[in-house]
Amino acid sequence: MFKTFARERVVPWEGIDGIQGHLAESLRRIKKNSSKKLADLHSSCAAALVELEKEIPAGEVEADIRTKIHIIFEPFKLSCDEKNVKTVAYALDCIEKLLEHGFLIPSPGERADAGQLVDQAVACVSDCFTVPDDMVQLQIVQTLAIGVKVRNSGVHEGSLLTAVRTIYNIYLNPKSVANMDSALEALQAILKAVYKRMETASVEEAMNALDATRSDASAEGVPLPAPQSGEAADPEAVVLEVPAGGEELSAPPPIGDVEPEPEQQSEQATTPRRGSVVALERKLGDTSMADEDEGADTSGATFPNIYQKDGYLLFRALCKLSMKEVTKELLPDSVPVRSKLQALRLIQSVLEEAGPAFRSGEKFAYAIKQYLCLSLLKNCVSPFESVFEISLAIFDNLMVNFIDHLKTELQVFFENIFFRFLESPSSSFVHKSAVLESVRRMCATAQFPVDLYLNYDCDFEGANVYERLITSLSDTARGHGVLVAIREGLFTPQQGQQLELAALETLVTCVSSMVDWCNHCDAVQAKEAEALKTDADDANEDDLEALIEKERGARGKVGKGEQAEMAEQQKRRKDLLVQAVRSSTSSQRPASCSWRLRN
């Protein structure tokens, strides 16, 4: 729980009706404790007090405050601008109450400039960060967190990023340990609120679209299928539809890439070869956390709702923050290292709790490809082991939930991270063991080894990732390079044996997964054959023709044996092509040399 404002509350109040007296008494305290030279502040306090001291019926207080909110808010804003500790505390306390009860959010039908009040509130509260007071810093965290978390919050886009950046800075530069803990708790609560609202809005839009479709169909007289039991109770069923009918028998589909955003398409023609870190860096470009980046490149992008845009901007900002350079000369508890670690932890929490809207959103897939993957590539070679470990954990999560979008990036990771640590004799025990454990977890999924082979080894443009992985694991299991590492003092003989055993276990896991995949395909095929036989026994003359067509279609499907044969043929063609290119290259070089010698 957030720590409450510890200073003496200016006036007790209960519910929405008591806020009028609370605001009035706070204004009197601000006026009393502020310098008499601040004429604007004193005049605005007097004008707001005139409005608040009017007798208003109990049931009309909220409506009355909304009509005068510009006058009431002005003295609190000016008080925050003055950075006076005695008055800022009262101003922040009142702004928190105004945000909590939604007075700074425009109601439907209000003029457009009323919507700027919530942005002004976030800006003036964030500017109080420079006030050198422990309690004021805690109030800033509490006020901004409530402004974002409150129902129907008006804190969006740039204001949301401003609030998160201010709390993040307080976490990195706290006045006390309590403030640091409160800031971290606030950051976690804000992330949870932002992405929960995004998922809820997506489900509501899907339900509304479904209702509209049903209404149109009913108006046209088209009969609708009766809903199954529990259909309306499961909103995710509207968002995620699983195609039915024999999909399990087909080969694993190629891992596709999300279409790039329009501003990136012109760079595709000059992008370096697939599978290189340079290619990802060329895609990304500048990774600064400049203020003007808070929404600049999303002006032309379209989002289903404002909540998805908030989620995208916040996720992108965290990714960029995690890319900040740190040098090995820094201490593990220095501000840059703590900043990078916390950004990675927040990204990990977002991915672990990601819902259907996040996992299926093209904008989030784009952000993962363009920002997060490059961040992980840089952080996986960090001199700090804590950064390396959490980066590898995030990559494992991507392989579970977002692998369909990461064909190019997955090859880059294997070539520049996994193979680099597995094959290098100078890699430490921590790096090698972490990589082996990550590979073992990925290979534990029955589909993963088959996906690697089909999408890379059988692809004319891909590297032989699966072949190289098996070779690297085999070499490690046989102790290749272990003796050299032991002589150099990188790890002990016991650790060398642990690595050999871990590599052997990973190989066994990979083979077991492929066996499970084959057994699954056999089981599905047998189940479909049994279903056809049952239908044939129960069919009457009217269903006979349809049954014959169904059986013909089943026979026309490519079975497991045919799929394996097709993949092997494609792999052989690729190997022959690669061999021919190498032979052609090697045969040209001696001819060129002999020509030069003769001349």
Open item on the list: Is any side-chain heavy atom of Met514 closer than 4.5 Å to one of Cys518?
Closed with: no

Open item on the list: Just to verify, which of Leu341, Leu330, Leu331 counts as forming a side chain to side chain contact (heavy atoms under 4.5 Å, CB included) with Phe384?
Closed with: Leu330

Open item on the list: Measuring from atom OG of Ser375 to atom CD1 of Ile368, what distance do you get when rounded to the nearest 0.5 angstrom?
Closed with: 12.0 Å

TODO: Would you check if the side chain of Asp459 reaches a backbone N or O of Leu454 as a donor-acceptor pair within less than 3.5 Å?
DONE: no

Task: Minimum heavy-atom distance between Val465 and Asp457, given as atom pair plus value - done: N-OD1, 3.2 Å

- [ ] Examine the side chains of Tyr171 and Gln342 and answer whether a donor and an acceptor come within less than 3.5 Å of each other.
- [x] yes

Open item on the list: Any side-chain to backbone donor/acceptor pair from Lys378 onto Cys373? Under 3.5 Å, distance only.
Closed with: no

Task: Sidechain-backbone polar pair: Glu199 side chain, Ala357 backbone, donor-acceptor under 3.5 Å - done: yes

Task: Ring centroid separation Tyr466 to Phe414 under 6.0 Å - done: no

Task: Euclidean distance, Thr471 OG1 relative to Glu423 CD, rounded to 0.5 Å - done: 8.5 Å

Open item on the list: Test your reading of the model: is there a side-chain donor-acceptor pair from Ser339 to the backbone of Val335, 3.5 Å cut-off?
Closed with: no

- [ ] Answer yes when Lys192 and Glu353 have at least one side-chain N-carboxylate O distance shorter than 4.0 Å, and no when they do not.
- [x] no

TODO: Report yes if the side chains of Ile390 and Arg345 come closer than 4.5 Å at any heavy-atom pair, otherwise no.
DONE: yes

Task: Euclidean distance, Gln411 CD relative to Asn416 CG, rounded to 0.5 Å - done: 9.5 Å

Open item on the list: Run Ile190 and Ile167 through side-chain contact (heavy atoms from CB on, under 4.5 Å) and show every step you take.
Closed with: CA-CA 10 Å; Ile190 287 175; Ile167 298 176; 3.6 Å; yes

Task: Side-chain donor/acceptor of Lys328 to backbone N/O of Pro383, under 3.5 Å - done: no

- [ ] For Val435 and Leu392, work out which heavy atoms get closest and say how close.
- [x] N-CD2, 4.0 Å

Open item on the list: Can a side-chain donor-acceptor contact be found between Ser349 and Gln188 if the only test is distance below 3.5 angstrom?
Closed with: no

Task: Shortest non-hydrogen separation from Cys380 to Ile417 and the atoms involved - done: CB-CD1, 3.5 Å

- [ ] State whether the side chain of Tyr456 and the backbone N or O of Lys407 hold a donor-acceptor pair below 3.5 Å, judged by distance alone.
- [x] yes

Task: Which atom of Tyr195 lies closest to which atom of Gly311, heavy atoms considered - done: OH-O, 2.8 Å

TODO: Step by step, work out the ring-ring contact (aromatic ring centres under 6.0 Å, His included) result for Phe315 and Tyr371.
DONE: CA-CA 9 Å; Phe315 183 75; Tyr371 302 102; 8.8 Å; no

Task: ring-ring contact (aromatic ring centres under 6.0 Å, His included) between Tyr307 and Tyr312, intermediate numbers included - done: CA-CA 9 Å; Tyr307 305 110; Tyr312 172 82; over 10 Å; no

Task: Phe395-Phe413 aromatic ring centre distance below 6.0 Å - done: yes

Task: Non-hydrogen side-chain atoms of Leu187 and Val164 separated by less than 4.5 Å - done: yes

Task: Test log, rule side-chain contact (heavy atoms from CB on, under 4.5 Å), inputs Leu351 and Leu372 - done: CA-CA 11 Å; Leu351 294 176; Leu372 180 56; 3.9 Å; yes

Task: Whether Ser438 side chain and Ala434 backbone form a donor-acceptor pair below 3.5 Å - done: no

Task: Any Glu467 side-chain heavy atom under 4.5 Å of Tyr453 side chain - done: no

Task: Considering all heavy atoms, the nearest Ser322-Lys340 contact - done: O-NZ, 2.6 Å

TODO: Evaluate the side-chain proximity of Leu501 to Glu505: yes if any heavy-atom separation is below 4.5 Å, no if none is.
DONE: yes

TODO: Hey, could you give me the OG1/CZ distance between Thr506 and Arg441, rounded to the nearest 0.5 Å?
DONE: 10.5 Å

TODO: Take Asp310 and Met198, measure what side-chain contact (heavy atoms from CB on, under 4.5 Å) needs, and give me the verdict at the end.
DONE: CA-CA 8 Å; Asp310 287 343; Met198 183 186 77; over 6 Å; no

- [ ] Give me the ring orientation class for Phe421 and Phe388: parallel if the planes are under 30° apart, tilted from 30 to 60°, perpendicular past 60°.
- [x] perpendicular

Open item on the list: Measuring from atom CG of Leu469 to atom SG of Cys443, what distance do you get when rounded to the nearest 0.5 angstrom?
Closed with: 5.5 Å

Open item on the list: Are Val381 and Arg420 packed together at the side-chain level, in the sense that at least one heavy-atom pair is separated by less than 4.5 angstrom?
Closed with: yes

Task: Within-4.5 Å side-chain heavy-atom neighbours: Glu204 and Thr200 - done: yes

Task: CA sep, side-chain torsions, deciding dist, call: Ser433, Leu499, side-chain contact (heavy atoms from CB on, under 4.5 Å) - done: CA-CA 6 Å; Ser433 59; Leu499 290 177; 4.1 Å; yes

- [ ] Step through the shown structure and confirm whether more than 12 heavy atoms of other residues, nucleotides or ligands are within 6.0 Å of CZ on Arg338.
- [x] yes

Task: Side chain to side chain, Arg440 and Leu436, heavy atoms closer than 4.5 Å - done: no

Open item on the list: With rounding to the nearest 0.5 angstrom, report the CD to CD distance, Gln370 to Glu409.
Closed with: 7.5 Å

Open item on the list: Hydrogens and angles aside, do Gln447 and Thr445 bring a side-chain donor and acceptor to less than 3.5 Å of each other?
Closed with: no

- [ ] Verify, without hydrogens or angle tests, whether Asn379 (side chain) and Ser382 (backbone) share a donor-acceptor contact under 3.5 angstrom.
- [x] no

Task: Considering all heavy atoms, the nearest Leu376-Ser391 contact - done: CD2-O, 3.7 Å

